[in-house]
Amino acid sequence: MSEEKQSASMPTTYDPKAAEQKWYSYWVEGGYFEAGKRPDAKSYTIVIPPPNVTGMLHIGHALDFTLQDILIRTKRMQGYDTLWLPGTDHAGIATQTKVEQKLREEGLSRYDLGREKFLEKVWEWKDLYAGTIRSQWSKMGLSLDYSRERFTLDEGLSKAVREVFVSLYQKGLIYRGKKIINWDPAARTALSDIEVEYKEMQGKLYHLEYPLKDGSGKITVATTRPETMLGDTAVAVHPEDERYKHLIGKMLVLPVTGREIPVIADEYVEKDFGSGAVKITPAHDPNDFEVGTRHQLPQIIVMDETGTMNDEAGPYKGLDRMDCRKQLVKDLQEQGVCVNIEEHVHQVGHSERSGAVVEPYLSTQWFVAMKPLAEKAIEIQKSGNGVRFVPDRFEKIYLNWIENVRDWCISRQLWWGHRIPAWYCEACGELHVAHDAVEACSKCGSTNLRQDEDVLDTWFSSGLWPFSTLGWPDDAADLQRYYPTSVLVTGYDIIYFWVARMIFTALEFTDKNPFADVLIHGLVRDANGQKMSKSLGNGVDPLEVIEKYGADAMRFMISTGSTPGQDLRFNWDKVEQARNFANKIWNASRFALMNLEGVTAEDIDLAVELGTADRWILHRLNETVREVTRLIDGYEFGETGRVLYNFIWDDLCDWYIEFAKLGLYGENEQTKRATQSVLAYVLDRTQRLIHPFMPFISEEIWQHLPHQGETITLAEWPVYDEALEASQSAKEMELLMDIIRAVRNIRAEVNVPMSKKIELLVKPSNEAVLAILTRNEEYISRFCGTSSLEISVAVTAPDKAMSAIVTGAELYLPLAGLIDISQEIIRLEKELKTLNSEVERVEKKLANEGFVAKAPAKVIEEERAKMQDYAEKRDKVLARISELRG
RNA sequence: GCUGGGAUAGCUCAACGGUAGAGCAAUUGCCUUACAAGCAAAAGGUUAUCGGUUCAAAUCCGAUUCUUAGCACCA
């Protein structure tokens with residue numbers, strides 16, 4: 001291929017769009033992402049944290065998925081039978097809320113449609129968004145096995161859900177009970193504890209006076225929710241409280257309703273807080289519920305499931321709870337009952353999904369008894385046989401939660417979700433829990449059975465995800481082969497919701513940890529460090545990033561931009577930097593391709609005589625292979641990115657490619673062939689190393705390079721070669737680079753551009769160095785821009801010359817007329833000063849007996865070598881100064 | 001209140017016991033035949049403060065200040 005033709009086919013600027021589309025369909029059509037094609041290989045499995053089918057993916061998903069793709073692609077190249085299983089979550093409340101919102105715009109509610117019709121609508125929505133999500137996955141370049149895609153409401157997964165429910169019920173770990181739960185009056189459903197978000201709010205503390213029935217006085221109580229007083233069934237005081245001791249057992253008259261309620265004694269009350277008396281509303285407060293149970297108090301529910309006051313509220317019946325509060329307070333003030341209103345900052349629970357203020361509400365719900373499940377999980381985790389958290393501090397967070405977990409309310413009064421597999425006999429009231437619809441009551445024989453209306457908490461099915469997606473409870477082949485999974489990658493925000501639940505359900509039902517490792521990453525924040533949210537409108541759409549800078553740039557930025565477990569600030573500058581990096585790779589490859597005409601994969605031969613730079617870059621590549629492999633294994637993607645960036649940009653592009661030009665443009669055919677081989681080889685391995693991070697551009701380039709195989713996706717991952725490390729090329733190259741840098745410095749300092757040729761005299765410190773320099777004379781000459789070059793241990797310094805001392809050699813640049821000797825002396829003295837302080841530092845260190853006695857030999861040796869080097873340089877600089885002076 | 005995270009160059013962040021690094025911004029010189037999305041050079045730091053452990057601390061351990069998140073809250 002001619003140079004012109006090659007250049008024309010590869011423009012100087014990389015255009016991601018064409019390549020991305022082309023290669024993704026190539027990969028999918030080639031079936032390269034499908035698991036099961038390497039029956040003899042070890043398996044490596046990741047199940048995707050299923051995104052909600054509520055809408056589009058955001059940049060946080062992009063981070064989560066990119067990290068997984070990096071792992072999967074690396075392992076695939078390393079020869080594993082990799083499975084990355086995709087899927088989506090039905091996301092009960094979230095999705096139902098969205099669809100209801102849409103209906104509301106049409107003036108309809110879910111009740112207008114009825115359960116069946118409404119669910120049809122939700123399924124339509126689901127299909128629409130699952131499609132959108134799939135298209136976003138493809139744009140991000142994710143190597144998912146689409147043949148195994150799952151949805152939490154799939155038949156298979158639903159079967160798993162029923163199996164778990166029935167089994168837990170039979171073990172007595174699922175029960176139905178009347179308790180105070182968190183009620184979302186907007187979505188009209190119960191919530192679990194963790195679905196409630198507490199927000200600090202400016203509220204009011206209302207002080208109310210309840211008169212004693214016998215007219216002998218009053219008791220003051222305080223509340224932040226005065227409307228609940230309508231459901232008060234007692235006032236509690238501490239049994240030891242002298243102020244109230246005599247009142248215990250007496251009756252109070254509840255204002256408004258006139259209901260009589262007792263003064264009771266309970267240790268729950270703190271004497272020193274507030275008035276020392278607490279109004280007790282068992283049906284609307286979890287603590288009061290406990291107190292009420294202890295004292296067998298009536299439980300009076302004063303509002304309905306929409307938050308509207310009911311019959312028990314008397315004159316306030318029909319009012320919304322917030323309106324009732326206003327009206328009631330006004331009335332109580334007029335009656336002199338509400339004696340004081342204080343400003344009060346407190347935490348108010350809001351529904352995570354609907355945003356409504358959550359009402360503690362007494363109702364009959366289904367619960368999972370968490371204690372036994374948690375105990376098992378804690379024991380295994382603490383015995384060291386649990387899941388490995390990365391970073392490990394998240395293990396503490398997990399344990400802390402599971403050690404304090406309370407029973408899990410799993411029933412939701414929604415329509416979108418897994419219907420609870422429980423049937424009630426209409427005739428005798430018997431409860432039947434079963435996998436399949438119960439036809440006849442086993443107790444009375446009636447066939448009149450009604451299924452429980454409620455559905456299960458979304459997280460109930462998500463908790464089974466690692467094994468339900470692989471075919472559990474059946475003895476499926478995929479379950480055998482790919483379970484337990486290798487690693488779970490997710491954000492720290494759902495450790496409680498999801499990670500913990502997967503662990504204890506997996507332990508209970510599969511007797512195994514669901515994954516060996518759990519990699520926890522941070523959240524993506526905006527440029528100001530703020531959490532991205534819809535309400536703030538500061539979210540970043542991954543598609544926009546891909547559109548502007550390409551998927552590879554986004555992936556690289558997002559995956560390498562942070563340290564494990566730490567939040568990541570999104571900013572466009574960093575994406576631009578990643579884009580520039582991609583472009584750099586592109587241009588390095590363009591250069592190579594222009595100079596590899598006719599070279600095929602078979603021509604690449606590294607066993608020939610190689611130059612210093614060739615051996616050096618192979619050595620650097622080798623080190624990079626080792627580092628990148630180690631770092632990816634340790635999930636240290638930020639560090640991996642830095643290693644790759646430095647290798648490619650600095651070593652490969654800035655140094656090696658420049659050095660390679662000499663061989664490529666030179667007359668010596670053999671040297672040219674050798675250089676071509678090294679260049680092609682290094683570039684090929686570089687594409688492989690960068691491929692997990694930047695799949696598209698690496699494939700595009702790899703396909704242009706001399707290669708074997710259909711796709712880089714299946715190319716072998718490079719392996720560290722111990723044998724290469726024996727070479728001295730690194731030290732040789734360091735010397736050359738030092739000389740070149742020193743000359744460049746001086747040129748810059750005295751304003752002599754590279755285009756202007758100069759004389760250069762190099763005095764090596766010994767014969768060995770002389771040999772190296774002589775061997776690389778061409779390099780030195782080229783990169784120092786010399787008109788004449790003298791390399792000899794016999795070099796005598798010219799009078800009017802700039803000089804530089806590097807490790808192993810002295811350099812002289814006769815620049816008479818361009819420099820002032822007194823300035824040169826000042827410059828050298830400055831250098832002397834730094835060298836002196838270095839020498840002093842190391843000297844002091846080596847003089848320290850403790851250091852010499854206790855530090856590792858390697859460290860001491862390094863310090864000694866430094867000492868020698870610095871001292872040598874210092875002496876030479878010193879000599880040069882006196883020479884110039886004299 | 002309890003439990004974590006963070007505090008490092010002007011900005012955004014690295015560095016997991018051995019001389020503190022990068023990108024961006026600002027400075028200087030370059031359209032050098034892969035790349036101006038680039039090349040080259042120089043500059044920028046008492047690693048929040050105070051103690052301790054260690055031959056050696058940004059790193060490990062205390063304390064303090066500021067900041068951030070989660071959990072729990074007394075009406």
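Worth saying up front: this structure is predicted, and the values here are computed from it rather than measured. The figures here come from the full heavy-atom set of this structure, side chains too, leaving out hydrogens, waters and symmetry mates. We name chains A, B, ... by the order of the sequence lines, and we start the count at 1 in each one.
- Heavy atoms of Ala853(A) sit nowhere under 4.0 angstrom from any nucleic acid atom.
- Taking each heavy atom of Gln687(A) and Ile697(A) in turn, the nearest pair found is OE1-O, 4.4 Å.
- Phe783(A) comes within contact range of no nucleotide atom at all, as no heavy-atom separation falls under 4.0 Å.
- Taking only distance into account, the side chain of Arg744(A) never meets the base of rA41(B) through a donor-acceptor pair shorter than 3.5 Å.
- Straight-line distance between the P atoms of rG6(B) and rA15(B): roughly 10 Å, to the nearest whole Å.
- Residue Arg741(A) has no polar side-chain atom (N or O) positioned under 4.0 Å from OP1 or OP2 of rA41(B).
- You'll find that the side chain of Arg525(A) is closest to rA69(B), out of rC55(B), rA69(B), rA37(B).
- rG70(B) and rA36(B) have their C1' atoms separated by 48 Å, given to the nearest Å.
- Separating the C1' atom of rA56(B) from that of rC66(B) is a span of 30 Å, rounded to the nearest Å.
- Counting only heavy atoms from C-beta on, Arg841(A) has its side chain closest to rU19(B) among rA41(B), rA34(B), rU19(B).
- Of the candidates rA34(B), rG18(B), rA72(B), rA34(B) carries the atom nearest the Met594(A) side chain, counting heavy atoms from C-beta on.
- Residues Ala19(A) and Phe696(A) share a closest heavy-atom pair of O-CD2, 4.2 Å.
- Between Lys830(A) and Lys661(A), the one whose closest nucleotide on RNA chain B sits nearer the 5' end is Lys661(A).
- Of the C1' atoms belonging to rG62(B) and rA26(B), the separation is 41 Å, rounded to the nearest Å.
- Contact check, Trp649(A) against rC39(B): a side-chain N or O comes under 4.0 Å of OP1 or OP2.
- Between the C1' atoms of rU3(B) and rA75(B), the separation comes to 26 Å (whole Å).
- Considering only side-chain N and O atoms, Lys866(A) lies nowhere under 4.0 angstrom from the phosphate OP1 or OP2 of rG18(B).
- Seen from the ring of Tyr645(A), Lys584(A) does not count as a face-on cation partner, given the 6.0 Å and 45° thresholds.
- The side-chain heavy atoms of Glu290(A) and Tyr268(A), taken from C-beta on, include no pair separated by under 4.5 Å.
- Closest contact between the side chain of Cys653(A) and the listed nucleotides rU54(B), rC16(B), rA34(B) involves rA34(B).
- Which of rA41(B), rG23(B), rA75(B) sits closest to the side chain of Glu270(A) comes down to rA75(B).
- Counting only heavy atoms from C-beta on, Thr223(A) has its side chain closest to rA75(B) among rG5(B), rA75(B), rA41(B).
- Taking atom C1' in both rU12(B) and rA72(B), the straight-line distance is 35 Å, to the nearest Å.
- Taking the 5.5 Å centre cut-off and the 30° plane limit, the aromatic side chain of Phe273(A) is classed as stacked on rC74(B).
- Considering only side-chain atoms of Asn583(A), the nucleotide from rC73(B), rA37(B), rA34(B) that sits closest is rA37(B).
- Glu849(A) comes within 4.0 angstrom of no nucleic acid atom, judged by non-hydrogen atoms across all strands.
- Put simply, CG on Asn182(A) is 12 Å from P on rC71(B), counting in whole angstrom units.
- Residue Ile657(A) contributes atom CD1, which lies 12 Å from atom P of rA40(B) at whole-angstrom precision.
- Not one side-chain nitrogen or oxygen of Lys396(A) sits closer than 4.0 Å to the OP1 or OP2 atom of rG5(B).
- In this structure, Glu749(A) atom CD and rA42(B) atom P are separated by 9 Å, rounded to whole Å.
- Between rA37(B), rG29(B), rC55(B), one nucleotide has an atom nearer to the side chain of Thr13(A) than all others, and that is rA37(B).
- The distance from atom CG of Asn528(A) to atom P of rC11(B) is 14 Å, rounded to the nearest whole Å.
- Heavy atoms from other residues, nucleotides or ligands lying under 6.0 Å from CD of Glu403(A) number more than 12.
- Annotation for Glu658(A): atom CD counts as buried by contact number, over 12 foreign heavy atoms lying within 6.0 Å.
- Across rU46(B) and rU53(B), the matching P atoms stand 26 Å from one another, rounded to whole Å.
- Side-chain nitrogen and oxygen atoms of Thr563(A) include at least one within less than 4.0 Å of the OP1 or OP2 phosphate oxygen of rA15(B).
- Of all heavy-atom pairs spanning Gly561(A) and Leu568(A), the tightest one is O-CD1, 3.3 Å.
- Picking from rC73(B), rG18(B), rG6(B) the nucleotide with the shortest atom distance to the side chain of Lys845(A) gives rG18(B).
- The phosphate of rA56(B) has neither OP1 nor OP2 within less than 4.0 Å of any side-chain N or O from Asn848(A).
- Put simply, Asn580(A) has a side-chain N or O that comes within less than 4.0 Å of OP1 or OP2 on rG38(B).
- Side-chain nitrogen and oxygen atoms of Tyr198(A) include none within less than 4.0 Å of the OP1 or OP2 phosphate oxygen of rA69(B).
- A straight line from CG of Leu596(A) to C1' of rA34(B) spans 12 Å, rounded to a whole angstrom.
- When each of Asp650(A) and Val345(A) is assigned the nucleotide of RNA chain B with its nearest heavy atom, Asp650(A) is the one assigned upstream, toward the 5' end.
- Comparing rC13(B) with rA69(B), their P atoms sit 15 Å apart, to the nearest whole Å.
- Ionic pairing of Lys873(A) and Glu838(A) is not present here: no N-O contact between side-chain nitrogen and carboxylate oxygen is shorter than 4.0 angstrom.
- In the set rG5(B), rA34(B), rC74(B), rC74(B) carries the atom at the smallest distance from any side-chain atom of Asn287(A).
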